[in-house]
There are 2 protein chains.
Amino acid sequence: MNKPRQFISLLSRISRLVNHDGHAEGLKPAQWDALRYLAQANRFSRSPGALTSYLGATKGTISQTLMSLEKKGFVVKTQDLHDKRSVALELTTAGKNLAKEDALQPFQKILSDLPANDQKDITTALEKLLLAKLRSDGNKPFGICNTCRHFRKNNPSGSPHFCDLLKEPLSDAGSEKICIEQAAI
Amino acid sequence: MNKPRQFISLLSRISRLVNHDGHAEGLKPAQWDALRYLAQANRFSRSPGALTSYLGATKGTISQTLMSLEKKGFVVKTQDLHDKRSVALELTTAGKNLAKEDALQPFQKILSDLPANDQKDITTALEKLLLAKLRSDGNKPFGICNTCRHFRKNNPSGSPHFCDLLKEPLSDAGSEKICIEQAAI
DNA sequence: TAAATAAGTTTCGAGTCGATACTATTGTTA
DNA sequence: TAACAATAGTATCGACTCGAAACTTATTTA
């Protein structure tokens, strides 16, 4: 069997299993993806547009998914004060609790049951593959705030940290979250 | 950011990108999955039931997917002679040609552009993860025929190889294919 | 200020997917 | 061997997915 075909097979089979596990707790895979994102994204990144870009979907699809999550009581929408076109998304308490019971927990368990160096190798491999694909597609990486070139640690006045791009203060917790503007140093 | 969440994020994001690429050439991801499988499966494994088990879907869903592929002219169904309940699936010439232009080719290119040892590490990692998950879910591995405990190489009389489970001769090409009965040695 | 752009929503059509019910055929068992 | 169970698939339902395209408001830009 030739190597190329093997890689594609592996990738598609794993994706399928991931997708399959995404049917849990009455949600669909896409809804879990949105919930997971909203639980991890910082306040600059919790909008339908950011979610659209993160998930690589179209605006219409995201709109539908958010509508479902809102109807189920996991998400609330509020209008942005500065830009009246924009919508700010927030998880409800129920949404936050559900996000903790992630549908992909079984997969997490699989990993945890493997030897420690396998765990590390697998995570590293997935990271490399994801970044290469994102770069190739020209998509934003959506990395962690405090790994960004605009992150300024320990700003003396006020909040502990600072975003030099958005000119906004950052809390300790906030700087651990996913940001749509994150760019490698 | 805690490690567990990171792994789940990586996994779900990659799955999503894979799924996204699966919308190509007028087919859907599930249809590509079926096409890819049929292009690789040996004759004992080209049935709706085997495909159902391989893809971890329900019989109804597979029935629908196959109906689409049949209507598009990529698959033909024939009734099994021995068991009149069973259906044998075969790719048409168009189906075989399409399978060569796999929708996940872009992903393959991503991998090929990485350093050789990264390619190997990533493939190995995916293999480990997939096998661990399949084992945990109690699913069949659907491995390659000639890596099976029932594979007998170079049977003297007639065809070059032999399956000791199904008591059937195996060609060289056939023994390179995916089999539903494959079991680790 | 008019035109372009951007953020979201709405609608459409084909497909997905789990669940359930159903048909036909084959195996088992009493 | 007749009755029952198991197996291979199909059909239908409802909620959802997803790309595409049309459409509404806002906000920029020229």
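Note that the structure is a prediction, hence the values are computed from the model and not measured. Chain naming here is simple, since letters A, B, ... match the order of the sequence lines and numbering starts at 1 in each. Below, each value reflects all heavy atoms present in this structure, side chains not excepted, and no hydrogens, waters or symmetry copies.
Checking dT26(C), dT10(D), dT27(D) against every side-chain atom of Asp83(B), the shortest atom distance belongs to dT26(C). Distance from the side chain of Arg85(B) is smallest for dA6(D) among the nucleotides dA6(D), dT10(D), dC18(D). Checking dA6(D), dT16(C), dG9(D) against every side-chain atom of Val87(B), the shortest atom distance belongs to dG9(D). With dC17(C), dG15(C), dG9(D) as the choices, the nucleotide that has an atom nearest any side-chain atom of Ser47(B) turns out to be dG9(D). When each of dC18(D), dT16(C), dA26(D) is scored by its nearest atom to the side-chain atoms of Lys84(A), the top-ranked nucleotide is dA26(D).
Lys71(A) has its NZ atom 14 Å from the P atom of dT9(C), to the nearest Å. Taking atom CD1 of residue Ile62(B) and atom C1' of nucleotide dT20(C), one finds them 17 Å apart after rounding to whole Å. One atom, CD of Gln64(A), and another, C1' of dC16(D), lie 9 Å apart when rounded to the nearest Å.
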Are Glu90(B) and Thr78(B) close enough, and set up right, to give a side-chain hydrogen bond (donor to acceptor under 3.5 Å, both in side chains), and what steps lead you there? CA-CA 8 Å; Glu90(B) 209 62 54; Thr78(B) 49; over 6 Å; no
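Residue contacts shown for Thr52(A) are absent, as no nucleic acid heavy atom lies under 4.0 Å away. Residue contacts shown for Ser86(A) are limited to sugar-phosphate atoms, with no base heavy atom under 4.0 Å away. Within 4.0 Å of Asp33(B), counting heavy atoms only, lies no atom of the nucleic acid at all. At the heavy-atom level, Asp80(A) lies nowhere under 4.0 Å from the strands shown. Residue-level contact check: Gln31(A) touches the backbone only, with heavy atoms under 4.0 Å from sugar-phosphate atoms and none from bases.
One hydrophobic cluster, built from ILVMFWY side chains closer than 4.5 Å, cannot hold both Val75(B) and Met67(B); they sit in different ones.
Looking at residues two or more places apart in sequence or on another chain, you find no ring-ring contact (aromatic ring centres under 6.0 Å, His included) involving Phe107(A).
A sub-4.0 Å separation between OP1 or OP2 of dG15(C) and a side-chain N or O of Lys72(B) is present.
Without hydrogens or angle criteria, Tyr37(B) side chain to Ser45(B) main chain gives a donor-acceptor distance under 3.5 Å.
Comparing Leu81(B) and Met67(A), the nucleotide of DNA chain C nearest to each residue sits closer to the 5' end for Met67(A).
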